[in-house]
Protein chains: 2
Amino acid sequence: MRPAQVTLAVVLQVRDGRLQVLLWQRAEEPFKGAWSLPGGYLAPAETLEQSIRRHLADKVDVREVAHLEQLETRSDPERHPGEWQLATAYLGLVPSDVNPALPEDTTWHAVGRLPELAFDHGEITLAGRERLRAKLSYTNVGFALAPDTFTLSELRDLYVAALGHAVSATNLKRVLLRRGVLLPTGELRPSGQGGGRPAACFRFEHSRLHITDPFAVLRPPRVID
Amino acid sequence: MRPAQVTLAVVLQVRDGRLQVLLWQRAEEPFKGAWSLPGGYLAPAETLEQSIRRHLADKVDVREVAHLEQLETRSDPERHPGEWQLATAYLGLVPSDVNPALPEDTTWHAVGRLPELAFDHGEITLAGRERLRAKLSYTNVGFALAPDTFTLSELRDLYVAALGHAVSATNLKRVLLRRGVLLPTGELRPSGQGGGRPAACFRFEHSRLHITDPFAVLRPPRVID
DNA sequence: CCACTTTTAGCCTGGTAGTCTAAAACCTTG
DNA sequence: CAAGGTTTTAGACTACCAGGCTAAAAGTGG
């Protein structure tokens, strides 16, 4: 006797200054009418990542998911009322400048004000947000939330939405520049409504995940004691 | 058609000053005679964690595993030659002062000099070591590698073995004390062979995982700019 | 040209890690 | 019992980096 295997995705994007997650409304029991994470059954000869990409493609153009990583596998026998089902969750990130066409039953929801979700999808969504918040601090995941090119204020607003607290644009710039994850493009963005100095444009150096050795602690010393 | 689900464990311990992993030698095809990670099939009405604890119990006293966390789920359809099989790997840590009784077919192997392992167990083992190394820096996982009470030199030796590079006992002490994860017991350890000043004994404050907010970067500023 | 806005550069401060030196405390040996 | 060797420990010093602040730069609108 074997459990069914499904894949799920917590797809996050900053929209309207808030971190939002892609949800669809279930048309069938159980949890008919409840919001839930996109996903579905694993097919033969498929990896989990291929599976979640395939199911995601039903909801959103997968090319717009700039980053995808495995989150965790849920196995509580009671997590699905009718079926013994394991669920492997992925975290997906979508840059803030794309606005994918969505099916009728699918929309974005602010992670800060989630409705009751089906199954354990609420917990999974929060786990995804936590993973994002942690990685924003010691990796360059920002690239997956930001447009190709952006000003520092725009980037700060993304960080604010994702982290849930204020961020200093001054510090953000210095830190990311020093780490070499940010690159000035040289262009200027004309100032918008109400004037103000034109902002310099930046890009992320790499568009694949790169962790910046964050810990001064316990780094290899040059001399042993 | 459903895949089989197995659980695996990367059980690590520092032995003889080296980081070692618990392996058993397969008695059956495929990979007969090859070393592999302990684990086995998921049983009905069982969570993945219960499953790996059950399978681990065949090899080692599970009470001696001080920390257990989910690592990743492997899903390459080719990872097992004869069966469509998903494997969820766990990371387990055993304090250096216990020496569990082991079955005939099971022994410790230095992670630094692994033989060819069955399936993808080699990769999984290295992923486990990476996870441990990362978490040593920003959590208190050390508690799961160390005895109840220890001197700073002993703790440093554990870190050296796990991290694979030199560590300054001076820094280690200061960092862990400031973070409040280490606690002086007040006792002294009588000096051993050849004399030397007696060492102070320490304990870990908590014996459950606690992450110490590591990143000054992007922390909530008190004033916004 | 002046008031207002936003961005940017630069300085100062505080905290933490890495290095080094010397002292403390114990052992062994002559 | 004094001298020398060994290990641990405390403390000072330095370097680096993030957070906070201020003022200048560079636009817009009246």
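Here is how names work: the chains are called A, B, and so on, in the same order as the sequence lines, proteins then strands, and each is numbered from 1.
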Phosphate-side-chain proximity, A:Asn171 and D:dG19, N/O vs OP1/OP2 below 4.0 Å: yes

Distance in Å, B:Leu182 CG paired with B:Arg174 CZ, rounded so as to fall on 0.5 Å steps: 14.0 Å

Pair of N/O donor and acceptor under 3.5 Å linking C:dG18 base with B:Arg174 side chain: yes

Which residue lies more 5' along DNA chain D, comparing B:Ala199 with B:Gly196 via nearest heavy atoms: B:Gly196

Length of the CZ-C1' vector between B:Arg179 and C:dA17, whole Å: 10 Å

Rounded distance (Å) that lies between atom C1' of D:dA10 and atom CZ of B:Phe202: 12 Å

d(CZ, B:Arg178; P, C:dG15) in whole Å: 10 Å

B:Leu152 CG - C:dA24 P separation (whole Å): 20 Å

Spacing of A:Leu132 atom CG and A:Glu69 atom CD [to the nearest 0.5 Å]: 9.0 Å

Residue B:Lys173, side-chain heavy atoms: nucleotide from D:dA10, C:dC26, C:dA17 that is nearest: D:dA10

Nearest-Å distance for atom pair CG/P, residues A:Leu177 and C:dG10: 13 Å

Side-chain H-bond candidate by donor/acceptor type, B:Thr73 with B:Thr88, under 3.5 Å: yes

Touch class at under 4.0 angstrom, heavy-atom based, for A:Ser153 against every strand present: sugar-phosphate

Spacing between B:Arg156 atom CZ and C:dA17 atom P, to the nearest angstrom: 18 Å

Selection from D:dG27, C:dT19, C:dA25 that lies nearest to any side-chain heavy atom of B:Pro198: C:dA25

Where B:Tyr138 and B:Arg179 come nearest, the two heavy atoms and their spacing: CA-NH1, 4.2 Å

Interatomic distance where CG belongs to A:Leu188 and P belongs to D:dT28 [whole Å]: 12 Å

Electrostatic pair A:Arg18:A:Asp16 at N-O distance under 4.0 angstrom: no

Whole-Å distance separating the CZ atom of A:Arg197 from the C1' atom of D:dA23: 12 Å

